[in-house]
Structures are given as structure tokens and as C-alpha cells.
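Comments concern the structure below.
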Amino acid sequence: MTPRDPFAVFLIVAAAIFALYWATSGHRETIEVSASVQKSLSDDYAMMTGKAPDPAARARLIHDYVANELLFREAVARGMHMTDKATKQRLIDRVRFMIAGAPPEPSEDVLIGYYAAHPELYRAEPRLSVEHVFFEKPPADAPAILARLRAGEKVRGDDFWMGHDLADYGVSMLRGMFGPTFLAAIERAPAGEWVGPLRSTRGWHFARVKGRGAARTLPYPEARDQVRQDYIAQATGTAVEKEVDRLKAGVDVHVE
């Protein structure tokens, strides 16, 4: 984009007018957290976790949204430019790094201390091994199919992109693949017994739970890489939060 580009001239003039308005009006910038934004944040949270956010989680979602908006505005103020959503996130990430830098490598003692202080972070979720027969559309002869499966017969069904034997899958992965209704039905199903048809976000299934794995705390050697990432993320987040607090003092935040 050259200096004579009409679009470039428009951007320069628009930016100058915007800056002059705020310089002369004495108004504070505002961050609007609309009801639609809050719904989108809650929907994303529910999709990832399988449950609606409680008041504490909702407050954290709003806090993170405001923090990201502040960091994005700081990115623009530092001469970066907005293009699309992916670029906006990259700019936010760049500002985070510019603020926090690269934290020093933690010692083994520090990591072990962090692991001991946060045992809840290193619990492996429950896991399920599931065999299923998949149908894209509701099968017309569902009772007969279920009877054949329970009698030990093989039923082919339709092809499924992840296969028909899902061994040792975490519950969050199954929730993401098939939806919460399917997962709830599988969790209630007796081990070793065919049940169905069960509806999922993919279609219809007859399913059999072949095994269950309980949640467990990962031993430190197994969790070490994650502990290191979490420790560094916390150290970086602390530095960023201080800057967010400073930036927040200069704006008004409206939450519907």
C-alpha cells in the first residue's frame, strides 16, 4: 500500500480525526461487553467443558475478554494494524510477549514445588473404551439390530471416520466428537452390554462400553512437561495482568 494509495490516505485521515476527537472531547474509551458477547463466551466455554459457566467462571470469561481487548488496543497503539480475527489474536499474543518477555527457565525444585501446590491440575480425566456401530440416518430396524448385537452377531452399519473401536478415549474427547447427550448415555451404560440406538452430533449409534478408566493424579515424571508449561504460563500471565490493570485504569468497561 503506497502513500498515494487512496485507501491509505483514508486510513490516515480517519485516524487523525479519531485521535483529534478523543483528544478534545475528554471522554474515556469504553469497552462494551454486550449480552451477545457474553452468550458467545458462555457457549464456547460450554462446548469445551460440557457445562455452563458458573458465576466465577463467567466473571473470568468477561475478565479475559476485557484483557484481550485492552491488549489488542495496546497493539494498535504501538503501531500494529488489524486485519482479521486471526491477526488480532496474533497481535494480542505479540503484545503479551513484548510485555512479559521470556521468563527464566525454572529449576527442578521450583517445578516440583509448583506440581505439589497444584495437584488438581494434574489429574487425568476418566477414560472410556467404546465399540460402536454407526448409522448416518435412524435405522428402521433398530430393535432387531440391537438383538443381533446382543446375541454376538456382527453388524456393519455405515463407515465412521474415526473407526468403530474407540480405545481409551478421554471423556472430553468423546464429548467433543459426539456431544454431551451421547456421552451421558455411554457413561450410564452397563459395561459390556450393547445399547442403542443413541443419537449423537454425528448420527446414530449402537454402542458397547468395553472398559473404563478412573480419573487419577499423574505422577510428577509423567506430568513434568505440562508442569513446566503451566509454571511459565503463570509467570507470563502475572506480568501481563499487571499491564492489563494499568491499561484498564484508562477505560470504562460496560457489562450489560
Side-chain angles (χ1 to χ4, degrees), residues 33-62 64-65 84-86 88-89 120-218 222-223 226 256:
V33 188
S34 66
S36 62
V37 167
Q38 294 177 59
K39 183 179 185 303
S40 177
L41 295 173
S42 295
D43 289 347
D44 290 345
Y45 180 95
M47 177 60 68
M48 293 297 295
T49 65
K51 61 182 180 181
D54 60 20
R58 182 175 174 276
R60 186 68 201 180
L61 290 171
I62 292 173
D64 290 347
Y65 175 84
D84 56 26
K85 185 176 181 180
K88 178 176 179 177
Q89 187 59 53
E120 73 284 355
L121 297 179
Y122 306 108
R123 283 187 61 78
E125 66 179 355
R127 308 184 75 80
L128 293 170
S129 294
V130 179
E131 180 182 3
H132 73 120
V133 177
F134 172 68
F135 292 89
E136 293 183 357
K137 298 179 180 179
D141 51 351
I145 292 174
L146 182 59
R148 288 171 58 196
L149 288 168
R150 288 181 172 177
E153 295 183 31
K154 292 289 185 181
V155 176
R156 176 169 174 76
D158 297 323
D159 290 335
F160 187 73
W161 64 288
M162 288 294 288
H164 295 90
D165 194 2
L166 310 175
D168 200 31
Y169 274 57
V171 293
S172 61
M173 183 176 293
L174 291 171
R175 183 189 300 113
M177 289 173 60
F178 301 113
T181 302
F182 176 89
L183 175 60
I186 286 296
E187 289 179 322
R188 292 192 302 266
E193 180 177 327
W194 284 99
V195 295
L198 306 177
R199 187 170 188 177
S200 78
T201 55
R202 309 283 182 176
W204 298 82
H205 312 255
F206 296 88
R208 176 173 63 174
V209 176
K210 299 172 68 176
R212 289 185 167 94
R216 65 186 181 94
T217 299
L218 299 174
E222 190 175 335
Q226 185 61 48
E256 290 182 3

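Note that the structure is a prediction, hence the values are computed from the model and not measured.
T49 is linked by a side chain to side chain donor-acceptor pair (under 3.5 Å) to nothing, counting only residues two or more places apart in sequence or in another chain. Under the rule for a side-chain contact (heavy atoms from CB on, under 4.5 Å), the partners of D64 that lie at least two apart in sequence or sit in another chain are R60. Among residues two or more places apart in sequence or in another chain, the side chain to side chain donor-acceptor pair (under 3.5 Å) test is passed with D54 by none. For K51, there are no side chain to side chain donor-acceptor pair (under 3.5 Å) partners two or more places apart in sequence or in a different chain. Residues passing the ring pair (Phe, Tyr, Trp, His ring centres under 6.0 Å) test with F182 are F178, H205, sequence neighbours excluded. R216 meets the salt bridge (charged side-chain N to carboxylate O under 4.0 Å, His left out) test with E222; sequence neighbours excluded. R202 meets the salt bridge (charged side-chain N to carboxylate O under 4.0 Å, His left out) test with no other residue; sequence neighbours excluded. Judged as a side-chain contact (heavy atoms from CB on, under 4.5 Å), and not counting sequence neighbours, the contacts of M162 are F160, L166, Y169, M177. With sequence neighbours excluded, no residue forms a side chain to side chain donor-acceptor pair (under 3.5 Å) with R199. By the salt bridge (charged side-chain N to carboxylate O under 4.0 Å, His left out) test, D43 is found to be paired with K39, residues two or more places apart in sequence or in another chain being considered.
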For residues 133-151, tabulate all N or O donor-acceptor pairs below 3.5 Å that involve a side-chain atom, not counting sequence neighbours.
residue: R148; atom: NE; partner: E153; partner atom: OE1; Å: 3.1
residue: R150; atom: NE; partner: W194; partner atom: O; Å: 2.9
residue: R150; atom: NH2; partner: E193; partner atom: OE2; Å: 3.1
residue: R150; atom: NH2; partner: W194; partner atom: O; Å: 2.9

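Listed by first and then second residue, the side-chain hydrogen bond (donor to acceptor under 3.5 Å, both in side chains) pairs involving residues 178-189 amount to none (not counting sequence neighbours).
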